[in-house]
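Below is the structure I would like to discuss, written out as structure tokens.
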Amino acid sequence: MEILETLYREIVGFFSFSGLIEIIQTDNYKALLTQDGIGKALAPLIPVLLVIELIRAFFFQRLSFTQYKIAFFTYIFNRVISRFISIGMVGICIGLFEPYAIFKSEFTWYWFIYGYVVWEFAHFVYHYLGHKVRLFWCLHSTHHASESMNLSITYAHFFLEGPYADIIRTTICILMGVNPPLLFLIMFVDGTWGAFIHIGENLMKDARLGFLNKIILTPSHHRVHHARNPLYMDTNFCNLLNIWDKVFGTLQDEKHEEKIEYGITRPMKSGDFWDAYFGEIILLAKDVYHAPTLKDKVLYIFMPPGWHHSGEHKTASVVKKEYFATQKP
Ligand SMILES: [Zn+2]
Ligand SMILES: [Zn+2]
């Protein structure tokens with residue numbers, strides 16, 4: 001019976017049903033009018049959509065387990081590990097940096113807009129470094145390893161990526177005066193949208209969302225971000241607002257003539273969890289080990305993926321430059 005209970009707890013946990021169940025059991029429907037209550041009510045949305053996506057794919061006989069395998073095992077792996085390390089990075093950063101905030105904001109709609117712009121900037125910083133610093137790419141690459149797009153990718157992260165992202169994002173926001181309740185609301189909106197943009201082509205073929213594609217980051221933009229095509233590599237680092245991609249020139253729309261190829265550029269063992277989770281770390285360790293000088297060893301850790309001590313770089317910028325050179329008339 002204990003197994004059944006554990007299974008029940010895992011299912012309720014995966015679907016994030018517990019908050020909603022609590023509201024129903026206590027008849028406390030007024031809670032649905034509070035931010036906390038709305039959060040509890042919306043929490044099951046992405047897991048439920050994921051299951052609909054799986055059932056649809058199964059029904060139309062398009063379900064191939066390899067598309068979901070990496071994310072599935074990553075989810076299980078993270079569940080097991082996160083039981084043992086529950087790092088309250090957000091709490092630690094708030095406690096450490098709140099006294100140094102440049103000013104104090106309040107819980108109002110205009111501060112929300114300010115906070116969101118700052119949050120997107122902080123997200124851009126974390127995400128950009130995740131692609132441009134080899135050490136951080138080791139943490140982020142798990143999320144890019146899948147060769148298809150579906151909602152399960154939302155859960156596919158190396159277990160240390162969360163704390164790393166939260167240190168950068170929370171620190172920047174708190175120092176820039178975003179107050180903690182506002183930060184939590186922004187994190188909730190960002191988390192929900194950040195999950196939705198991984199919606200699969202099974203559920204939504206064209207994900208440009210009409211005119212919204214011009215003003216925000218749509219699932220179509222995030223599909224482009226997950227692509228390994230030279231044109232699409234290292235673009236669309238934002239999550240909901242596209243301002244910082246516009247400012248830094250990294251915004252890229254999906255082009256009809258350039259079909260998205262999902263995944264990372266190195267050859268991978270297709271659908272292999274261990275390769276997706278630890279592959280980049282092993283490759284970095286090998287490069288550091290074989291680097292001829294101490295300086296090269298350090299550079300391997302901090303230069304972009306593809307950097308080589310011989311000068312024969314295969315970084316995204318080099319690949320893109322070569323690609324654009326061939327495109328010129
Ligand atoms: Zn990324
Ligand atoms: Zn993603």
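All values below come from the heavy atoms of this structure, side chains included, with hydrogens, waters and symmetry mates left out. All ligand and atom numbering here is 1-based and tracks the order in the structure.
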Next item on the list: Specify which N/O/S atom of H144 comes nearest to the Zn ion (ligand 1), by atom name.
Entry: NE2
Checklist line | Cationic N near anionic O, under 4.0 Å, D234 to K132 | finding: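 Salt bridge present between D234 and K132.
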Next item on the list: Using only N, O or S atoms, tell me which atom of H226 is closest to the Zn ion (ligand 2).
Entry: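 Closest N, O or S atom of H226 to the Zn ion (ligand 2): NE2.
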Margin query: Using a 3.5 Å distance criterion without hydrogens, assess whether the side chain of D296 forms a donor-acceptor pair with backbone atoms of A291.
Written below: no
Margin query: Please name the atom of H140, limited to N, O or S, that comes nearest to the Zn ion (ligand 1).
Written below: NE2
Item checked: N/O/S atom of H143 inside 2.8 Å of the Zn ion (ligand 1), strictly under ->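 Not a single backbone or side-chain N, O or S atom of H143 is under 2.8 Å from the Zn ion (ligand 1).
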Next item on the list: Give a yes-or-no answer on whether the side chains of H290 and H309 include a donor-acceptor pair shorter than 3.5 Å.
Entry: no
Notebook entry, point to check: What atom name does the N, O or S atom of H131 nearest to the Zn ion (ligand 1) carry?
Noted result: NE2
Check: At the Zn ion (ligand 2), what angle lies between atom NE2 of H198 and atom NE2 of H222, rounded to 10 degrees?
Finding: 90°
Checklist line | Smallest separation among heavy atoms of S105 and G177, with atom names | finding: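 That closest heavy-atom pairing would be OG-O, 2.6 Å.
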Note to self: Would you say that F158 contacts F278 through its side chain, given a criterion of any heavy-atom pair below 4.5 Å between the two side chains?
What the structure shows: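 Touching, per the 4.5 Å side-chain cut-off.
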